[in-house]
Visitor: 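Got a structure here, written out as C-alpha cells. Questions coming.
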Amino acid sequence: MNDKYDFKAIEAKWQHLWQREKPYRTCEDPDKKKYYVLEMFPYPSGRIHMGHVRNYSIGDVIARYKRMRGFNVIHPMGWDAFGLPAENAAMKRGVHPAAWTYENINYMRDQLKAMGLSYDWDREIATCNPGYYRWEQLIFLQMLEKGLVYRKETTVNWCDDCKTVLAREQVIDGACWRCDQAVEPRTMHGWFFKITDYAEELLQGLDNLTGWPERVVTMQRNWIGKSQGMACDFPIDDSQENITIFTTRPDTIFGVTFMSLAVEHPLVDVLIRGRKQEDEVREFIQQTLIEKQRAAVDEEPEKHGVFTGAYCINPFTGDRVPVYVANFVLMEYGTGAVMAVPAHDQRDFEFARKYNLTVKPVVQPENMLLEGDSMDAASESPGILIDSGPFTGMDSKQAKQAIIDYAEDKGFGRSHTTYRLRDWGISRQRYWGAPIPIIYCDTCGIQPVPEDQLPVLLPGADDPKGQHAPLHQQEDFYVTTCPGCGGAARRETDTMDTFVESSWYFARYTSPRNEQTPIEKKAASYWLPVDQYIGGVEHAILHLLYSRFFTRVLRDLDYLDIDEPFTNLLTQGMVIKDGAKMSKSKGNVVDPSELIDKYGADTTRLFSLFAAPPERDLEWNAQGVEGSSRFLNRVYRLIQKHIACFSSDLNADFSTLDTKSSKLYRKTHQTIGRVTESIESNFHFNTAISAVMELVNQISIASTDTSKTSPEPCILKFSLETCLRLLFPMVPHFCEEMWETTGQTTVLDGTPWPDFDPEAAREREITVVVQVNGKVRSRIQVAADIDSRQMEKLALEDERISHFLEGKKPKKIIVVKGKLVNIVV
RNA sequence: GCCCGGAUGGCGGAACUGGUAGACGCAAGGGACUUAAAAUCCCUCGGCACUUGCGGCUGUGCGAGUUCGAUUCUCGCUCCGGGCACCA
C-alpha cells in the first residue's frame, strides 16, 4: 500500500476521459433548470497566473456543485484576444500579433485543461476570430442606425506610449490604465457610443442588483453621478445672448455675485470681442489650456480667473453680475458656466476672496449668523433663506422647488438633471482590434459598410508574415470604393476599443457557432442572464458598466429579453505573496504550472479555495499548499485502510447503532449541513473544507482507536463516501479516482449532492454553559430537549456553582434554552 | 476632502438572529517509529502569574455606552486598504 496517491496518473486519466467524453458539453433543455456560471475570460498574455487559478477554481466548484444539484449548467470559456500586448510582442519579437495570440491561446488552453476545469470547450470563443468580430461590426451598424453611435471631434485622452486614445474610464489618476503613461489631451475625430442615453436606466438598474457587492454598486452609482437641479438663463447685458448655467443649489440663487465660465465656453469669444480686456482674457485662456495639459496628474491647481469686462443679469434679482473666465470650471460638465455663490460654495468663496468679490449669504444655517465680510469659509449646509425676495423664510428644500417652479413659470429656467457619465469613445488607432465598418466618401460622406460586405477583415491576420501596422498606415486596407456611388473612398482605419468585445461575449456563448446571427434569441433567453459571474474587482466600473449598457442595447435591438446581464457577482480578492500583489518586478510570482507539476491540480485548487474566503485577498503560502496535499493523502490512506467496508450494505438500522457509530453518523450529517450552507450562503469554501477536515479527523480517530469498538462498516462507508461527494466540486480528479477505487461502477460526476437530514444531525446531548455574573464557571452535559426549568435546577445544583455562590442569593437567573444559564448575584 | 470596506493568537482564518472566542489549517515545541533522515502517528500551543489539583485573572485596534452577557449593537477615535476627487 502506497502512502501517497499518484496525482499525475490520476489527473491525466480523468482529464483524458473528460476530453474524450465531453461530459460538460451542454445544450438547452427546457425541462431542466439552467444555471449559468461565468468567470471573466482571460487576455491570452502567454501563461496563466495565480489570479486565474483562483478565479477559475472558484467558478469550477460552483459549476460542479450546481450540476450535482441537478441544474443544467453552462460553463464556457474563451479569450479576450484583441489588445495591445500582442502588437508590442510583435514589435519586440517580430511575430505577427495573430500568431502570437493564437499560440498563447493554445498554451493557456492546455494549462486550463491541466487544472481539470469543467468547461464546455465546444463553446470556446476567441474575440479576434472574424467569426466573432463580424457580429460586433453588425451590432455597431445597427447601433448606428438607431442613433446610438456617432462621430465627433473632441478633446480626447491620448496615451503616447500606446499611441492611442483612451476612454475616460481607462484613465486612472491621469495615467493610462494599461501602461501608466501620463495621458495628454488631443483634439481628434472619433466614434462614440451613446451610453449617456442609458444613464438613467443604468442608474435605476443598480437598485435591483441585490446579488452584487455593495461597493461595486456604489462605485457605479458614483461614476454615473446623477445631479438634479436647475438650468437657468442669465441674459448678457447689452446682448441678445444668454449664459445658461446649471446648479444643484437653486436656493442660493439670490446670493450670486459673479459668473464663472470655462475657458472653452463658446460665448467667451462673443463677450470679450472688442473690449479692453480682450487681450488679457485671451492670454489667460492660452495659459490655462497649457496648464491643463500638464496638470493631468497634479492635484488641484490654485483657482484663478480673469474678468471679461462683460456683465449679465440675475433674472431673479435683476442684479448686474460680472462675468469671469475661471480655470476651475469644466466645459465637460453641466453647461460649462457656473453661477458663483461664494457664501455657499467653497470654490466660489476662495475665488471671491482672491479677487475681492462680494460674499452675500442667503441661506442661514441653524444657530449661526453669517456675515459676508467675516466668513472664513463657505457655508454649504442647508438652512433658512434670507435676503431672497419672495422666497425669504423658506427652508432650502422647499425653496429649491419653489425657485425652479418660479423660473419655469417665467420661462428663464427649468428643472434639469446632469450626469457625470460621458459617452464612450471607442476609436482606437491600432491594428490588433476589430475594424470599425465605415467608409468615407468625398461625395457621399460617411457610409456604413453594407451588411453583406461584413466582416471587414483585419488585413494580414491569416498570414504569419502579413502586415500588422496600424490600419491608417496600410494603404491596401483603406483604399476602397464607396458603396453609395462606387467612386474612390477611404475606409475608417480606427479599430474598436477591446472593451467592446467583452461587453457581449457572455451572450455569444449561448450560440457561439451561429452563422446567421450574433445571438440566437432562443438560446439566449434560455441561458441568460448569467447566474453567477466571478472576477476581479478592478473591473467594477469599466467592463461591468459597459456590459450592462450593451445588454440594454442588445435588448433594444431585439436580441435579448433581459435588462441585466449578471444576476450575482462575486469579486474575488487578489493573490498576494509577501504582502504584495504578485508581479514580475517584485519577483514574488508563483507559477501555477510548477505547482501543478509538483502537487497536482487538486492540491493547487484545494489550497486556493481553503486559504481565504473568495472575496478576500489570498496570501500565498507554500507550506499551506503542503498542508492541502497532506490532507488529500490522509483521505487516500483512510480509504485504503477501510477499503473492506465498501462492500457492506448501506441499509443499516440507524436507530440501533452503537455510540461510536451513531456519533459518526451524526457528525456526517452535520458536515453535510455545514458544507451545503457554506456554499449556498456565500461560497465560503474555506469553511466548507474545514468542515470536511473535521469529519475526516473524526473518522480517523474513531477507527484507529485501540478498543475493538470501531464504527460499523456501513457507517464508515457512508461517512467516507460522503466525504468524497462533498469534496468532489473542489478536487474532482481525486474524488473520482477514490470513488472508483471503492468499487463504484458509475462516475461521481453525475451523482446527486448528499441529502441533509436535520433530524440525523441533531445532537442528543448538549453542553450547557453555566455563568455566574456573566463569567463561565461550569459546563454541564444534559439531554438536548431539556426544558428551561430543568436547566436552572441543574445549574444551581452544580457543585462548582454552589461553591461560587457561597450561599449568596441569586438576584436574577437568565436561561437560554439549550445554551446557557447565567446566575446574577 | 468625500464615500465604502477592514482590524480576532507567531501566521491564514472560524464563531448562526448578542450567549462556551480562537473551529480548520500553517508554523513552533515535545514525544513515538527509524541505524539515521523523510514520511507518518501522538501530545502541547492567546497572554499573565504565587499555577501544588480537573483552577485564577486577562484577552477580538483604542475609549466610552447599552445589556445579566458584546468579536457581534450604538457613539467617538486610531491605523490599514479601496473608490471618487475642482461635478457647480
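We name chains A, B, ... by the order of the sequence lines, and we start the count at 1 in each one. The basis for the numbers below is simple: all heavy atoms, side chains too, and nothing from hydrogens, waters or symmetry mates. Not measured: the values here are computed from a predicted model.
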Visitor: Can you measure K817(A) atom NZ to U17(B) atom C1' for me and round it to whole angstrom units?
Guide: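 These atoms are roughly 17 Å apart.
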Visitor: Counting heavy atoms from C-beta on, name the nucleotide in G13(B), C84(B), G56(B) closest to the side chain of I541(A).
Guide: C84(B)
Visitor: Which listed nucleotide (C24(B), U20(B), A14(B)) is nearest to the side chain of N697(A)?
Guide: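 Nearest listed nucleotide: C24(B).
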Visitor: Of the nucleotides G19(B), A88(B), C84(B), which one has an atom closest to the side chain of Y333(A)?
Guide: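 The listed nucleotide nearest to Y333(A)'s side chain is A88(B).
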Visitor: Please tell me which of the listed nucleotides, A27(B), A85(B), C57(B), lies nearest to the side chain of R420(A)?
Guide: A85(B)
Visitor: A88(B), OP1 or OP2 - any side-chain N/O from S227(A) closer than 4.0 Å?
Guide: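 Affirmative; the distance criterion is met.
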Visitor: Does the side chain of R616(A) come under 3.5 Å of the side chain of Q572(A) through a donor N or O and an acceptor N or O?
Guide: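 The criterion, which ignores hydrogens and geometry beyond distance, is not satisfied for Q572(A) and R616(A).
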Visitor: Just the rounded figure in Å: distance from C1' of U40(B) to CZ of R637(A).
Guide: 6 Å
Visitor: So do the side chains of L209(A) and R548(A) get within less than 4.5 Å of each other, counting heavy atoms only?
Guide: yes
Visitor: Checking contacts here: which listed nucleotide (G12(B), U40(B), A14(B)) is nearest the side-chain heavy atoms of F610(A)?
Guide: G12(B)
Visitor: Heavy atoms, side chains only, cut-off 4.5 Å: are S227(A) and Y333(A) in contact?
Guide: yes
Visitor: Answer with yes or no after comparing the ring centroid distance for F351(A) and F258(A) against a 6.0 Å cut-off, counting only values under it.
Guide: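 Yes.
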Visitor: If you look at every strand shown and take non-hydrogen atoms under 4.0 Å, does N633(A) touch a base, only sugar-phosphate, or nothing?
Guide: nothing
Visitor: Among side-chain atoms of D251(A) and S396(A), is any donor-acceptor pair under 3.5 angstrom?
Guide: yes
Visitor: Could you label the plane-to-plane angle of the Y324(A) and Y355(A) rings as parallel, tilted or perpendicular, counting under 30° as parallel and over 60° as perpendicular?
Guide: tilted
Visitor: Using distance alone, with no hydrogens and no angle criterion, decide if Q228(A) and S415(A) have a side-chain donor and acceptor under 3.5 Å apart.
Guide: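 Judged by distance alone, the side chains do not pair up.
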Visitor: Would you indicate, yes or no, if G83(B) has its OP1 or OP2 atom less than 4.0 angstrom from a side-chain nitrogen or oxygen of R221(A)?
Guide: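 Checking R221(A) against G83(B): no side-chain N or O falls below 4.0 Å of OP1 or OP2.
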Visitor: At less than 4.0 Å, is any side-chain N or O atom of R616(A) found next to OP1 or OP2 of G6(B)? Yes or no.
Guide: no
Visitor: Return the nearest nucleotide to the side chain of M219(A); candidates are A88(B), U20(B), G83(B).
Guide: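 Among A88(B), U20(B), G83(B), the one nearest the side chain of M219(A) is G83(B).
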Visitor: Just compare C57(B), C84(B), G25(B) and give me whichever is closest to any side-chain atom of R777(A).
Guide: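 The answer is C57(B), which lies nearest to the side chain.
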Visitor: Taking for each residue the nucleotide of RNA chain B with the nearest heavy atom, is it E615(A) or R674(A) whose nucleotide lies nearer the 5' end?
Guide: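 So the residue in question is E615(A).
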Visitor: For a 4.5 angstrom cut-off between non-hydrogen side-chain atoms, does I58(A) reach R54(A)?
Guide: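 The answer is yes; the side chains approach within 4.5 Å.
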Visitor: Would you indicate whether the side-chain heavy atoms of R353(A) and M375(A) approach each other to under 4.5 Å?
Guide: yes
Visitor: Is any side-chain N or O of R630(A) closer than 4.0 Å to OP1 or OP2 of A27(B)?
Guide: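 R630(A) to A27(B) OP1/OP2: side-chain N or O found under 4.0 Å.
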Visitor: Ignoring the backbone of A611(A), work out which of U58(B), A14(B), G12(B) is nearest its side chain.
Guide: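 Within the option list, the nearest is G12(B).
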Visitor: Please give, in whole Å, the distance from C86(B) C1' to F246(A) CZ?
Guide: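 Distance check: F246(A) CZ to C86(B) C1' gives 16 Å.
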Visitor: Give a yes or no on whether the ring-centroid distance for F734(A) and Y5(A) is below 6.0 angstrom.
Guide: yes
Visitor: For nucleotides 65-75 of chain B, just jot down a letter per nucleotide in 5' to 3' order: B, S or -, based on protein non-hydrogen atoms under 4.0 Å.
Guide: ---B-------
Visitor: Give me the distance, rounded to whole Å, that separates A64(B) from U58(B) when you measure between the P atoms they each carry.
Guide: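 Result for the P pair: 15 Å, nearest Å.
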Visitor: For U8(B) and C4(B), measure between their P atoms and round to the nearest Å.
Guide: 22 Å
Visitor: Of all the choices, G13(B), A88(B), C24(B), which nucleotide is nearest to the side chain of E694(A) once you look at every atom?
Guide: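 Closest of the options to the side chain of E694(A): C24(B).
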Visitor: If you measure from the P atom in C54(B) to the same atom in U60(B), how many Å do you get, rounded?
Guide: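 One P to the other, the span is 26 Å.
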Visitor: Please measure how far the C1' atom in G29(B) lies from the corresponding atom in G10(B), and state the result in whole Å.
Guide: 13 Å
Visitor: With a 4.0 Å cutoff (strictly under), does any side-chain N or O of N686(A) reach OP1 or OP2 of C24(B)?
Guide: no
Visitor: Suppose you measure atom P in A28(B) against the same atom in G82(B); what distance do you get, rounded to whole Å?
Guide: 32 Å
Visitor: Measure from the side chain of V776(A), starting at C-beta and using heavy atoms only, and say which of C86(B), A21(B), G25(B) lies closest.
Guide: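 In terms of side-chain proximity for V776(A), the closest of C86(B), A21(B), G25(B) is A21(B).
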Visitor: Reckon V537(A) touches a base, only the sugar-phosphate, or nothing at all at heavy-atom distances under 4.0 Å?
Guide: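 Here V537(A) touches no strand at all.
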Visitor: Please state whether the phosphate of U58(B), meaning OP1 or OP2, lies under 4.0 angstrom from any side-chain nitrogen or oxygen of K775(A).
Guide: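 True: K775(A) side-chain N/O within range (under 4.0 Å) of U58(B) OP1/OP2.
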Visitor: Report the base-pairing partner of A49(B) (Watson-Crick or G-U wobble, both distances below 3.5 angstrom), or none.
Guide: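 When the pairing criteria are applied, nothing turns out to pair with A49(B), so the answer is none.
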Visitor: Please work out whether G9(B) sits syn or anti, treating a glycosidic angle within 90° of 0 as syn.
Guide: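 What G9(B) shows is a syn base, its glycosidic angle lying within 90° of 0.
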Visitor: By nearest heavy atom, map R347(A) and G627(A) onto RNA chain B; which one lands nearer the 5' end?
Guide: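 Final value for this comparison: G627(A).
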Visitor: Between A36(B) and G31(B), how far is it from one P atom to the other, in whole Å?
Guide: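 Those two atoms are separated by 14 Å.
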